[in-house]
Amino acid sequence: MKLRKAGAADVEAMAALFDQARAALKAAGVDQWQDGYPNREDAARDVAAGTAYVLEEAGQVLGTACIAFGEEPTYRVIEQGNWQGQGDYGYLHRVAVSNQVKGRGAAGLFFDELKRQAVQRGVFILRGDTHRDNQPMRRVMEKNGFSYRGVIHLEDGAERLAFEALLNVPAIP
């Protein structure tokens with residue numbers, strides 16, 4: 001699988017992956033993404049912002065995620081815990097992987113890219129969040145060095161579990 005920045009031609013495939021993920025979450029009894037978010041418009045916004053990435057194999061888009069740096073407004077307030085790191089951070093949103101590649105480490109490739117970009121930018125704090133019942137994403141985050149830090153709330157008030165990873169800060173000479 002090859003990870004690359006997404007372009008306008010990938011938007012429909014990204015939206016289809018969101019739909020597939022939505023159906024899988026529903027089948028698992030998780031009410032995350034059941035209100036139509038994320039959708040085609042979200043994919044197009046991520047592409048326009050330059051934060052959309054896709055995993056491709058044999059010319060087929062099999063995964064997508066938003067990899068971004070800066071402030072995520074919903075991370076300003078954390079309850080029942082706290083952030084460990086202070087300062088600039090990167091984060092992942094809207095991770096969706098095709099059923100075809102689940103169990104092959106596909107989601108981890110997005111985390112690897114987030115870490116690569118963070119180090120390149122001199123950023124050593126990574127954050128993410130997921131629904132309390134989304135066990136697969138919780139496992140992926142923990143497998144990739146993220147630890148549970150507390151609870152955040154989305155713009156609509158929905159609760160999400162917040163995770164953070166602190167990368168090794170280079171020694172000062």
Side-chain angles (χ1 to χ4, degrees), residues 1-75 89-121 123 126-146 152 154-156 158 160-163 165:
M1 286 180 281
K2 175 186 156 198
L3 184 122
R4 63 173 173 79
K5 212 163 206 185
D10 298 310
V11 169
E12 294 306 322
M14 293 165 65
L17 286 167
F18 293 151
D19 290 342
Q20 188 179 97
R22 189 176 353 275
L25 289 166
K26 184 175 185 176
V30 180
D31 70 358
Q32 184 178 8
W33 291 6
Q34 299 307 303
D35 61 357
Y37 165 89
N39 56 38
R40 184 189 187 292
E41 290 75 29
D42 296 303
R45 265 193 299 278
D46 287 346
V47 168
T51 59
Y53 289 79
V54 294
L55 281 176
E56 188 177 61
E57 187 173 68
Q60 186 178 7
V61 172
L62 298 172
T64 185
C66 169
I67 297 175
F69 290 84
E71 185 181 16
E72 164 53 61
T74 61
Y75 292 169
Y89 58 89
Y91 55 93
L92 274 179
H93 282 325
R94 295 178 282 288
V95 179
V97 175
S98 169
N99 294 335
Q100 288 178 243
V101 293
K102 283 186 179 169
R104 290 180 45 201
L109 295 174
F110 291 114
F111 285 89
D112 291 346
E113 180 64 13
L114 174 64
K115 291 172 187 174
R116 187 193 70 72
Q117 286 188 33
V119 169
Q120 189 175 50
R121 295 167 183 251
V123 172
L126 306 177
R127 294 182 178 160
D129 65 88
T130 194
H131 191 282
R132 180 177 297 278
D133 296 332
N134 190 338
Q135 295 298 327
M137 183 51 70
R138 289 174 68 174
R139 280 191 299 274
V140 168
M141 282 201 262
E142 289 168 0
K143 182 178 178 181
N144 283 279
F146 284 66
I152 57 111
L154 305 179
E155 293 87 1
D156 66 2
R160 292 293 181 263
L161 301 185
F163 292 79

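Worth knowing before you read on, the calculation uses all heavy atoms, side chains too, and leaves out hydrogens, waters and symmetry mates. Predicted model, so just to flag it, every value in this text is computed and none were measured.
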At what distance, to the nearest 0.5 angstrom, does [atom1] of [X] lie from [atom2] of [Y]?
X	Y	atom1	atom2	value
Arg121	Arg116	CZ	CZ	9.5 Å
Leu126	Leu114	CG	CG	4.5 Å
Gln117	Phe69	CD	CZ	5.0 Å
Glu56	Asp10	CD	CG	7.0 Å
Leu62	Gln20	CG	CD	9.0 Å

Are side-chain heavy atoms of [X] and [Y] found at a separation under 4.5 Å?
X	Y	answer
Phe18	Asn39	no
Val61	Arg4	yes
Met14	Val47	yes
Gln32	Asp133	no
Leu55	Leu109	yes

Which atom of [X] lies closest to which atom of [Y], heavy atoms considered:
X	Y	value
Lys102	Ala24	NZ-CB, 3.9 Å
Val123	Gly90	CG1-N, 3.9 Å
Leu3	Tyr53	CD2-CD2, 3.9 Å
Phe110	Gly63	CZ-C, 3.6 Å
Leu17	Ala96	O-CB, 3.8 Å
Arg22	Gln34	O-NE2, 2.9 Å

Counting only pairs under 3.5 Å, give me each side-chain donor-acceptor contact of residues 135-146, with atom names and distances, residues two or more places apart or in other chains.
from: Arg138; atom 1: NH1; to: Arg132; atom 2: O; distance (Å): 2.7
from: Asn144; atom 1: ND2; to: Val140; atom 2: O; distance (Å): 2.8

Return the orientation label for the Tyr89 and Tyr91 ring planes: parallel under 30°, perpendicular over 60°, tilted otherwise.
tilted

Asp42 vs Arg94, salt bridge (Lys or Arg N to Asp or Glu O under 4.0 Å): CA-CA, chis, key distance, verdict:
CA-CA 9 Å; Asp42 296 303; Arg94 295 178 282 288; 5.5 Å; no

Between the side chain of Asp46 and the main-chain N/O of Ala43, is any donor-acceptor distance below 3.5 Å?
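No, the answer is negative, given that no donor and acceptor are paired below the 3.5 Å cut-off.
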
Is a donor on one side and an acceptor on the other found under 3.5 Å between the side chain of Thr51 and the backbone of Ile67?
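Pair absent, no side-chain N/O of Thr51 close to backbone of Ile67.
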
Verify the distance criterion only: is there a donor paired with an acceptor across the side chains of Gln100 and Glu57 at less than 3.5 Å?
no

Qualifying residue for side chain to side chain contact (heavy atoms under 4.5 Å, CB included) with Arg160, from Thr74, Thr130, Leu154
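Looking at Thr74, Thr130, Leu154, the match for Arg160 under the side chain to side chain contact (heavy atoms under 4.5 Å, CB included) is Leu154.
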
